[in-house]
Amino acid sequence: MSRTIEAKEHDRLAMQAALDAEKTQPERNRLGQFATPTALAEDVLQYAESLLPPAVKVQFLDPAIGTGSFYSALLKVFPKKRIAEALGFELDPHYGKPATHFWKDTGLALKLADFTQATPSPRFNLMICNPPYVRHHHLHNGEKTRLQLRTQQASGIKMSGLAGLYCHFLGLSHAWMAEGGIAGWLIPSEFMDVNYGQAVKRYLLDRVTLLHIHRFDPNDVQFADALVSSAVVWFKNESPPPDHKVNFTFGGTLLHPKLSRLVSTRALGREPKWTRFPVSDIRSRETVPTLADFFEIKRGIATGDNSFFILSEEEIAARSLPREVFTPILPSPRYLQQDEVRTRKDGSPDIDRRLFLLDTKLSEEEICKRFPALYAYLEEGKTQGLHERYLCKHRSLWYGQENRPPAPIVCTYLGRGDTKSGRPFRFILNSSRATVANVYLALYPTPLMAREMTRDSKLLRKVWDALNKLSAGTLLGEGRVYGGGLHKLEPRELSNVPAAFILDLLPQNSIPRRSRQLGLFAEA
Ligand SMILES: C[S@@+](CC[C@H](N)C(=O)[O-])C[C@H]1O[C@@H](n2cnc3c(N)ncnc32)[C@H](O)[C@@H]1O
């Protein structure tokens, strides 16, 4: 029996590959058509088996079945006599028709229909789904409203307009689940951190019993062709018991994760970033100092068009533009080899690639009178339509820049965890007067930090050194993790990084250290 199941899976994979090859990438993206690899599908069903009571007959539903990777794994893991019913939905006949033919006479009912339009019947005790990953901006407005309404009817979740189709699939399927039934969802882990995921998280905490979230290591991407970092979310359709704890696991496989941690639903209700777990423990935010206590963190300047507003020394000279309307600006991180930027006498950075940002509050009339060459340059920008661009148009002077004074420490915030240095982010000590564009985050000392800096002239350097020694885990516990190991850090996220280590760099008698002794800041 099992040999024939293996052979069937082998044939299904061949069919899947042939059908995928007949479609273009954009076509597949439009309907979120990325199949689950066999090994993962089998892990998912094996895990599901461990969650179901042994005697119970299975009523299986896959709302986005494709060619049936999960159904195939169901047949492998469960004895035929235990499967009371199996139902699948597939919108696209390109996959649905051959799959119907392929599985005929095996007991699968495959409906060629839109799951989001189907009338629910709450009888399924095993819901397994890798829903289509279609981002919200690919959902038409009417479609979005319809989905929001139906999802709310089905589950009580009021989904944000920014929620992708996969969130609606999850909400809609609530109305198909039997009381006590088990669900396993293979979805992007994004919902765990972003605002639109809030409603999904409330559902998982309040309406059902969240059992387990396993997150795959983004450096080990599950879907070669879909660059998303995925998670498997397991829950049971019943109210959560008091003091319930959820198992968070990371890395390795679903059945053999590398890390795990139990986190109480009470703590999860308070924690905005669930991807912190299982790496980090629950934090008591009120007592642990974070970087925000020492630095105000802002994203660098969005110029509107770097190629127009940022010029080299040579370009400025060649066009006879006035130096006084330019501010030095650091080049993008890949052109900045060093982690310490020293200054020249005039405040400009002492580096090879010297760039300057056009930054003036002068009106066009004044510029016309005083600096004809600059006026001509701005006119050139206008003929390219720059002044009509969204960012430029919404400034009081279309060429005027946001106020971003030079910051003594800046941070590169899009990094790969696997770089040579092993550091996903670089902190750069900047003693020049150079500002930064939005490829950097700028760290401005808070009054507390500024005061301590006047007391210890070496403090900033010590802090910079310590920042560069922060483990990837400490920073990434806060950062969003994208597929392929690309990490992005928002100003707010960097602000939330625990920073008790800075306290240790301050003099014993400093106010923040004494505050810790008084219990205002606890040890992290
Ligand atoms: C991510 S794939 C998963 C396929 C399969 N379950 C697997 O894991 O290999 C999602 C599938 O959902 C289908 N789909 C997209 N929108 C749908 C809808 N509204 N109703 C039903 N199926 C849909 C796509 O055509 C695609 O085959």
Side-chain angles (χ1 to χ4, degrees), residues 8-9 11-20 22-45 48 60-76 86-100 102-103 108-120 126-136 138-140 142-144 146-147 150-151 154 163-173 175-176 183-188 216 221-228 230-233 254 483:
K8 193 86 179 149
E9 174 60 8
D11 293 349
R12 188 195 67 81
L13 280 178
M15 166 173 73
Q16 180 81 48
L19 294 172
D20 283 348
E22 286 165 23
K23 289 215 154 199
T24 63
Q25 197 67 23
E27 278 172 340
R28 289 175 58 197
N29 286 344
R30 202 169 51 80
L31 284 177
Q33 293 170 326
F34 297 99
T36 310
T38 304
L40 176 55
E42 288 180 7
D43 274 8
V44 166
L45 267 294
F60 169 88
L61 171 62
D62 181 345
I65 195 163
T67 63
S69 51
F70 290 129
Y71 178 64
S72 182
L74 175 83
L75 296 183
K76 181 160 179 193
L87 172 66
F89 283 86
E90 175 53 55
L91 179 64
D92 186 355
H94 178 76
Y95 292 100
K97 272 200 175 149
T100 307
F102 186 83
W103 293 114
L108 171 69
L110 200 158
K111 286 205 185 338
L112 275 177
D114 180 348
F115 173 68
T116 71
Q117 310 255 17
T119 308
L126 182 56
M127 169 91 58
I128 300 290
C129 190
N130 170 4
Y133 184 41
V134 179
R135 286 175 176 275
H136 78 95
H138 296 298
L139 302 173
H140 305 297
E143 178 70 348
K144 211 182 261 185
R146 181 186 71 80
L147 285 169
R150 289 210 83 186
T151 301
L165 184 56
Y166 77 91
C167 300
H168 292 287
F169 259 70
L170 195 128
L172 285 168
S173 64
W176 293 80
W185 287 80
L186 178 57
I187 53 180
F216 296 100
V221 173
Q222 293 289 306
F223 308 90
D225 45 5
L227 203 68
V228 290
S230 10
V232 193
V233 178
L254 174 66

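Every number for a ligand or one of its atoms is a count from 1 in the order of the listing. Source: prediction; values computed, not measured.
For ligand 1, none of its N or O atoms has an N or O atom of Gln16 under 3.5 Å away. Every N/O-N/O distance between Tyr95 and ligand 1 stays at or above 3.5 Å. At a 3.5 angstrom cut-off on N or O pairs, Thr67 does not count as close to ligand 1. The shortest N/O to N/O separation between Asp92 and ligand 1 does not fall below 3.5 Å. Between Gly32 and ligand 1, not a single N/O pair is under 3.5 Å apart. At least one N/O-N/O distance between Leu91 and ligand 1 falls below 3.5 Å.
Classification of the Tyr71-Trp103 ring pair by plane angle, with boundaries at 30° and 60°, yields perpendicular.
Considering every non-hydrogen atom in both Glu9 and Thr38, the closest pair reads OE2-OG1, 2.5 Å. Among all heavy-atom pairs drawn from Val134 and Leu31, the shortest one is CG2-C, 4.0 Å. Of all non-hydrogen atoms in Arg12 and Thr67, the two that sit nearest each other are NH1-OG1, 2.7 Å. For the residue pair Ala99 and Gly66, the shortest heavy atom distance occurs at CB-O, 3.7 Å.
Here the heavy atom of the protein found nearest to atom 5 (C) of ligand 1 is Ile65 O, 3.2 Å. Annotation: atom 19 (N) of ligand 1 to nearest protein heavy atom, Asp114 OD1, 2.8 Å. Of all protein heavy atoms, the one lying nearest to atom 20 (N) of ligand 1 is Phe115 N, 3.0 Å. Among protein heavy atoms, the minimum distance from atom 25 (O) of ligand 1 is reached at Glu90 OE2, 2.6 Å. Of the protein's heavy atoms, Asn130 O, 3.2 Å lies nearest to atom 3 (C) of ligand 1. Closest to atom 4 (C) of ligand 1, if we only count protein heavy atoms, is Ala64 O, 3.4 Å. In terms of protein heavy atoms, atom 8 (O) of ligand 1 is closest to Thr36 OG1, 2.4 Å.
Within the listing of ligand 1, atoms 6 (N) sit less than 4.0 angstrom from a heavy atom of Asp62. The contact set between ligand 1 and Leu31, taken as ligand atoms under 4.0 Å from a residue heavy atom, comprises 15 (C), 24 (C). Against a heavy-atom cut-off of under 4.0 Å, Phe34 is close to the following atoms of ligand 1: 1 (C), 2 (S), 3 (C). Taking every non-hydrogen atom of Pro63 and a distance limit under 4.0 Å, the qualifying atoms of ligand 1 come out as 21 (C), 22 (N). Listed by number with element, the atoms of ligand 1 under 4.0 angstrom from any heavy atom of Phe70 are 8 (O). Remark: ligand 1 atoms within the under-4.0 Å shell around heavy atoms of Pro131 are 1 (C).
Using a 4.5 Å heavy-atom threshold, the side chains of Pro131 and Phe115 count as separate. Inter-residue side-chain proximity for Leu40 and Leu186 is flagged as met; some heavy-atom pair is nearer than 4.5 Å. For the pair Tyr166 and Cys129, the minimum side-chain heavy-atom distance is 4.5 Å or more. Within the 4.5 Å cutoff, the side chain of Tyr95 has heavy atoms near those of the Gln16 side chain.
Closest heavy-atom approach to atom 7 (C) of ligand 1 among the candidates Pro37, Ala113, Cys129, Ser69: Ser69.
In this structure, Gly68 falls outside the shell of residues with a heavy atom less than 4.0 angstrom from ligand 1. Heavy-atom separations between Phe169 and ligand 1 include at least one value shorter than 4.0 Å.
The proximity of Val134 to ligand 1, defined as any non-hydrogen pair under 4.0 Å, does not occur for either the backbone or the side chain.
A donor-acceptor pair is defined here as one N or O able to donate and one able to accept, closer than 3.5 Å; no such pair exists between the side chain of Arg28 and the backbone of Lys23. When atom types are taken as modelled, the side chain of Lys97 and the backbone of Leu112 share no donor-acceptor pair closer than 3.5 angstrom.
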- Message: Run the salt bridge (Lys or Arg N to Asp or Glu O under 4.0 Å) test on Glu42 and Lys76 for me, step by step, so that the C-alpha distance in whole Å, both residues' side-chain angles and the decisive distance to 0.1 Å come before the verdict.
- Response: CA-CA 8 Å; Glu42 288 180 7; Lys76 181 160 179 193; 3.1 Å; yes
- Task: Give the C-alpha distance, both sets of side-chain angles, the deciding distance and a yes or no for salt bridge (Lys or Arg N to Asp or Glu O under 4.0 Å) between Arg30 and Glu27.
- Result: CA-CA 5 Å; Arg30 202 169 51 80; Glu27 278 172 340; over 6 Å; no
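Under the side chain to side chain contact (heavy atoms under 4.5 Å, CB included) test applied with Leu108, the options Thr100, Leu74, Ile65 reduce to a single match, Ile65.
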